[in-house]
Amino acid sequence: MLSAQALRVQEAGLALSDEIVLFTLGAQMAWLEFWARPFLQAGAELQAWQARQARTARLVRRGVPEPLAREGLHLLPTGPSKAAEFP
């Protein structure tokens, strides 16, 4: 009887240690996400800023004044399209 009770205590201890490990992993993942999120957002914002800068530079090279190029202007092709060449 004492050995059966000791076995139950041991099983409960193992189950508790499993729960503690899972809780610790969850807490670490939440902490890492909380800590890393600003860096991930900053990286995405930097890429968007670089894309806007590159687009502005391309428009300026095409002859669009810089203030207009910074406004997110979308240019349409002015030459005849390939579809118009074929009946």
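This structure is a prediction, so every number in the text was calculated from the model and none was measured.
- Following chains of ILVMFWY side-chain contacts shorter than 4.5 Å, one cannot reach Phe23 starting from Met29, and the two form parts of different hydrophobic clusters.
- Scanning all heavy atoms of the two residues, the minimum distance from Val60 to Ala69 falls at CG2-CB, 4.1 Å.
- Under the side chain to side chain contact (heavy atoms under 4.5 Å, CB included) criterion, Pro65 pairs with Pro67, Leu68, not counting sequence neighbours.
- Judged as a side chain to side chain donor-acceptor pair (under 3.5 Å), and not counting sequence neighbours, the contacts of Glu66 are Arg70.
- Its side chain within the 4.5 Å cluster rule, Leu46 clusters with Trp49 among the Ile, Leu, Val, Met, Phe, Trp and Tyr residues.
- Atom CD of Gln5 sits in a sparse spot, with 12 or fewer heavy atoms from other residues, nucleotides or ligands closer than 6.0 Å.
- Applying the side-chain hydrogen bond (donor to acceptor under 3.5 Å, both in side chains) test to every pair with at least one member in residues 18-44, sequence neighbours left out, gives these pairs: Glu33-Arg37.
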Distance-only check: which donor-acceptor pairs under 3.5 Å involve side-chain atoms of residues 6-13, not counting sequence neighbours?
none

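- Members clustered with Ile20: Leu16, by chain and number, using a 4.5 Å side-chain heavy-atom cutoff among hydrophobic residues.
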